[in-house]
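Because the structure is a prediction, the values reported are computed rather than measured. Indexing begins at 1, ligand by ligand and atom by atom, following the structure's order.
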Amino acid sequence: MDKPQKKPGEPFFITTPIYYVNARPHIGHAYTTIVCDAIARRQRMLGKDVLFLTGTDEHGQKIERSASAAGTTPQKFADQVSSTFRALWDQMGISYDRFIRTTDPVHQRGVQALFKAIQDKGFIYKGKYTGQYCVFDELYVDAVGPGAPCPECGRPTETVSEENYYFKLSAFADKLLAYIDENPDFIRPETRRNEVVAFIKSGLRDLSVSRSSFKWGIPVPGGPKHVIYVWMDALSNYITAIGYGSPDAKDQQRYERFWPGTHMIGKEIVRFHCVYWPAFLLAAELPLPKAIVAHGWLLFEESKMSKSRGNIVRAETISEVLGNDALRYFLMREIVFGQDGSFSFDALVQRYNADLANDLGNLASRTLTMIGKYFNSQVPYPSKSMSHTKSDDVIVKLAGEVITTYGKLFDDYQFSRALESASSLVGAVNKYIVENEPWAVAEKQDEESRARLGTILYTSAEALRIVTALVHPVLPDSTKKIWKQLGLGDIANVDLRDLKWGGLPVGNKLGPIEGVFPRADKSAIERMQKMEEQNAPAAVGAEEKPKEIPAGTGAQAGQPATQAAGGATTSTVAAPASANNQITIDDFTKVELRVGQVKTAEKVKNADKLLKLEVDIGTEIRQIVAGIAEVYPPENLIGRKVVIVANLAPRKLRGIESQGMIVAASLADGKPVLASFLEEVPVGARLK
Ligand code: ME8
């Protein structure tokens with residue numbers, strides 16, 4: 001079973017997106033990374049020479065602003081968040097072979113080489129761009145007018161007027177369409193492929209591939225006032241990480257060996273990967289990716305899990321309470337790959353208990369314990385002639401079918417169905433054990449009964465071995481333990497191409513037996529929820545101090561208590577806090593006050609005092625409902641800098657979500673006056 005020595009197999013290159021360093025990792029990022037990890041592990045077990053790449057995307061205006069809002073330099077900011085990603089992947093046992101950072105000098109050199117190659121072929125020219133740009137998506141947008149919403153995320157766009165370098169994207173529409181048509185597996189699943197085709201057919205306009213109004217990026221070769229557009233920079237990681245653009249011959253060989261590879265991405269970045277990236281490669285006359293595979297979104301409480309929605313769950317919490325494998329299994333079994341899927345702690349624990357603690361865990365513990373007890377921990381002989389029954393053949397046949405089905409489904413990205421087929425074998429063997437009652441057979445000492453007992457337990461243990469090998473890429477930690485208990489070597493060395501019935505050696509001595517999937521109870525859910533609550537940004541709600549808010553400035557007239565949740569918070573004209581009302585500096589620092597800039601403002605229907613604003617706070621755009629309509633006409637607020645309580649829990653006012661609150665003084669007549677600055681202050685700066 002174990003391979004005597006590893007010959008380098010066929011190359012197999014798989015990549016995750018490189019994650020932005022403006023947000024800390026959550027289980028949405030973990031989802032893509034885990035799926036790639038499981039694929040990489042399976043390919044290694046199929047004898048492939050695997051290169052699994054992940055990393056971080058560190059340039060661009062969004063990161064520059066996030067760093068400035070955090071009061072640090074972009075490089076320091078990127079160093080810190082990038083190391084958080086890397087540390088998490090290490091903690092989760094992600095078997096990446098290379099971690100690329102776009103601030104790595106080798107990457108910068110490679111991006112410049114690609115830019116130059118495209119330029120040398122005549123596909124880059126200089127021009128002036130005046131139009132809308134979405135900083136959140138780092139996307140040029142065809143919308144018209146200042147503040148027009150981004151078609152991708154709905155946030156207000158910014159007007160950019162810059163002299164830029166342009167890429168002749170329009171020259172590649174026909175070539176792309178022909179390639180997609182000739183290579184049906186290039187973009188998966190089919191729905192995404194259809195979207196891409198429709199997008200290209202709607203007309204491709206040339207793309208600006210540099211920016212000149214900020215500095216945080218890779219300089220354009222020969223155009224030092226410009227930095228290369230962050231998506232061109234980021235997409236190039238897939239080749240710079242493996243040696244493209246390096247003068248070193250070894251790097252060149254690595255690039256030649258592994259490129260093209262397979263990209264795994266979330267569905268929101270399909271256009272960048274399936275249109276821009278292949279067009280850049282066509283322009284530079286480089287091979288196109290083998291495949292681009294897009295999955296759906298992980299939802300939490302019905303909406304996409306993301307930092308800006310404040311509904312993230314961290315992988316660390318789940319790992320700490322249930323172990324790494326529980327999250328891996330949930331994400332790959334519960335979510336139909338390609339579609340959106342919901343996460344909840346209840347569903348996680350339910351899935352873990354049902355499939356792992358009960359089914360697989362039970363099969364392992366009862367089979368191994370009985371071999372320990374009745375056969376002195378040595379794998380018994382399965383008699384073919386004596387006491388053989390049809391039920392044994394059923395398991396042998398099913399195991400053979402599952403090996404084939406599991407592989408086919410897994411390699412077709414149907415992970416949930418693959419795991420379902422593995423579960424069907426586990427279920428069948430558990431049933432086989434119950435029906436054959438080995439504990440009752442063990443009570444009889446005659447030769448036939450001993451032979452029967454041996455057959456039952458060999459059949460169960462061999463099926464367990466097969467399932468364990470199959471699901472190892474999904475459950476690396478726990479299958480490693482089961483493998484040891486079966487007395488076998490290193491599970492990572494198993495060659496799945498050799499997996500077939502009968503590989504468990506008779507007489508094999510089992511290892512020490514221990515429980516692999518302890519059952520989780522309600523307290524596990526509570527613990528995880530508590531850990532996430534403690535990790536969430538501190539929320540300061542008006543409910544805690546309703547008295548301090550004069551009724552007149554309430555976000556909703558006559559409802560002072562709800563005002564601070566989303567409206568203007570006011571420093572009241574009431575007496576200052578008395579000594580016993582004092583707070584410590586720690587209390588104060590819990591309140592995250594930031595400079596924001598109003599992008600859009602409009603009246604809320606049927607609410608005289610309310611305005612709905614979109615406020616840029618440096619890292620993102622927030623929607624805030626404020627009770628200031630009686631004093632401030634909406635048009636006077638556009639472009640105005642205001643002070644925002646940025647870590648207030650979101651609340652709904654008149655059915656509209658308010659994601660923070662604006663700070664204002666409240667005069668004796670209850671009228672609000674917005675806090676403002678005499679000096680110029682950058683958007684996103686923190687008040688402390
Ligand atoms: O887009 N559900 O980085 P990013 C599923 N830097 N997957 C999710 C998810 C969710 N709720 N949230 C995040 C970028 N992801 C660019 C990529 S690549 C050259 C540059 C995963 O930090 C998913 O893979 O916003 C998604 O595509 C990716 O994280 C976005 O990560």
Side-chain angles (χ1 to χ4, degrees), residues 14-37 39 53-63 66 78 81-82 84-85 88-89 94 99-103 107 110-111 114 134-139 152-153 192 217 228-241 261-278 280-281 289 292-315 327 330-332 334-344 619-620:
I14 185 145
T15 69
T16 72
I18 47 169
Y19 304 113
Y20 282 131
V21 290
N22 71 313
R24 277 161 200 279
H26 55 73
I27 60 171
H29 304 111
Y31 179 41
T32 323
T33 312
I34 285 170
V35 169
C36 288
D37 183 65
I39 294 173
L53 171 69
T54 188
T56 43
D57 187 355
E58 306 183 6
H59 289 130
Q61 199 165 14
K62 172 152 88 171
I63 309 300
S66 297
V81 184
S82 177
T84 313
F85 272 95
L88 176 62
W89 302 150
I94 300 297
F99 188 98
I100 178 102
R101 298 184 55 189
T102 54
T103 48
H107 171 74
V111 173
L114 181 67
C134 172
V135 177
F136 183 83
D137 288 317
E138 297 282 12
L139 176 68
E152 292 296 316
C153 67
R192 304 288 158 227
I228 294 174
Y229 174 41
V230 66
W231 270 102
M232 185 182 232
D233 168 346
L235 290 160
S236 311
N237 93 85
Y238 299 134
I239 53 176
T240 63
T262 299
H263 303 314
M264 180 71 64
I265 58 170
K267 66 180 182 183
E268 78 291 352
I269 52 178
V270 162
R271 189 196 309 174
F272 301 101
H273 283 79
C274 302
V275 181
Y276 299 171
W277 178 226
F280 296 154
L281 292 166
I292 300 149
V293 186
H295 60 68
W297 284 341
L298 206 54
L299 311 176
F300 191 63
E301 287 159 0
E302 314 271 297
S303 61
K304 183 186 177 217
M305 190 177 290
S306 72
K307 181 187 161 187
S308 52
R309 283 187 178 80
N311 63 349
I312 62 162
V313 174
R314 294 167 317 135
L327 176 61
F330 177 85
L331 294 175
M332 296 197 69
E334 187 85 10
I335 290 162
V336 177
F337 188 81
Q339 297 176 16
D340 291 352
S342 288
F343 175 85
S344 78
T619 44
E620 61 193 284

TODO: Indicate yes or no for a side-chain donor-acceptor contact from K62 to the backbone of F136 under 3.5 Å, with no hydrogens or angles considered.
DONE: yes
Open item on the list: With a cutoff of 4.0 Å, is A23 in contact with ligand 1, counting heavy atoms of the residue only?
Closed with: no
TODO: Give yes or no for whether the N/O distance cutoff of 3.5 Å, strictly under, is met between I265 and ligand 1.
DONE: no
Task: T33 and Y19 side chains, donor-acceptor separation under 3.5 Å - done: yes
Open item on the list: The test is side chain to side chain contact (heavy atoms under 4.5 Å, CB included); show your working for L53 and N237 and say whether it passes.
Closed with: CA-CA 9 Å; L53 171 69; N237 93 85; 3.5 Å; yes
Open item on the list: Using heavy-atom distances only, which candidate in N237, L298, I18, D340 approaches atom 16 (C) of ligand 1 most closely?
Closed with: I18
Open item on the list: Give me the nearest non-hydrogen protein atom to atom 21 (C) of ligand 1 as residue plus atom name, then the distance to 0.1 Å.
Closed with: T32 OG1, 3.5 Å
- [ ] Kindly compute the distance separating CD1 (I27) from CG (L327), expressed to the nearest 0.5 Å.
- [x] 6.0 Å
Task: Interfacing atoms of ligand 1 (cut-off 4.0 Å, heavy-atom, D57) - done: 6 (N), 16 (C), 20 (C)
TODO: State which residue, out of I335, V313, N311, L299, fulfils the side chain to side chain contact (heavy atoms under 4.5 Å, CB included) condition with F343.
DONE: V313
- [ ] To the nearest 0.5 angstrom, please state how far the OH atom of Y31 sits from the CZ atom of F337.
- [x] 5.5 Å
Open item on the list: How far is atom 31 (O) of ligand 1 from the closest protein heavy atom, and which atom is that?
Closed with: Y19 CD2, 3.6 Å
Open item on the list: At less than 4.0 angstrom from any non-hydrogen atom of I269, what atoms of ligand 1 do you find?
Closed with: 1 (O), 27 (O)
- [ ] Nearest 0.5 Å please: distance from the CZ atom of R271 over to the CZ atom of R192.
- [x] 13.5 Å
Open item on the list: Just to confirm my output: which protein heavy-atom neighbour is closest to atom 22 (O) of ligand 1, and how far is it?
Closed with: Y20 N, 2.9 Å
Task: Of V35, I292, T15, T54, the residue whose pairing with M264 passes side chain to side chain contact (heavy atoms under 4.5 Å, CB included) - done: V35
Task: Contacting atoms of ligand 1, where contact means under 4.0 angstrom from a heavy atom of G296 - done: 5 (C)
Task: ligand 1 contact by H295, heavy-atom criterion under 4.0 angstrom - done: yes
- [ ] Assess whether side chain to side chain donor-acceptor pair (under 3.5 Å) is satisfied between H107 and T102, documenting all intermediate values.
- [x] CA-CA 6 Å; H107 171 74; T102 54; 5.0 Å; no
Task: Nearest-neighbour protein heavy atom for atom 11 (N) of ligand 1, which is reported as residue plus atom name and distance - done: M305 O, 2.9 Å
Open item on the list: Can you report which non-hydrogen protein atom sits closest to atom 8 (C) of ligand 1, along with the distance?
Closed with: G28 O, 3.3 Å
- [ ] Give the atoms of ligand 1, by number and element, whose distance to some non-hydrogen atom of E268 is under 4.0 Å.
- [x] 26 (C), 27 (O), 28 (C), 30 (C)
Open item on the list: Is the distance between the ring centroids of F300 and H26 under 6.0 Å?
Closed with: no
TODO: Answer yes or no: is there a donor N or O on one side and an acceptor on the other, between the side chain of E58 and the main chain of V21, under 3.5 Å?
DONE: no
TODO: Check ligand 1 against H273 and write out every atom of the ligand that is under 4.0 Å from a heavy-atom position of the residue.
DONE: 18 (S), 19 (C)
Open item on the list: Are any of the N/O atoms on W231, whether in the backbone or the side chain, positioned under 3.5 angstrom from an N/O atom of ligand 1?
Closed with: no
Task: Those atoms of ligand 1 less than 4.0 Å from some heavy atom in W297 - done: 2 (N), 5 (C)
Open item on the list: Taking distance alone, with N or O pairs closer than 3.5 Å, would you say Y238 contacts ligand 1?
Closed with: no
- [ ] Examine ligand 1 and decide if any of its atoms is less than 4.0 Å from a heavy atom belonging to H26.
- [x] yes
TODO: Could you tell me whether the side chain of W297 and the main chain of G28 form a donor-acceptor pair under 3.5 Å?
DONE: no
Task: Numbering as shown, the atoms of ligand 1 that approach A234 to under 4.0 Å (heavy-atom distance) - done: 19 (C)
- [ ] Would you check whether G266 has a nitrogen or oxygen atom less than 3.5 angstrom from a nitrogen or oxygen atom of ligand 1?
- [x] yes
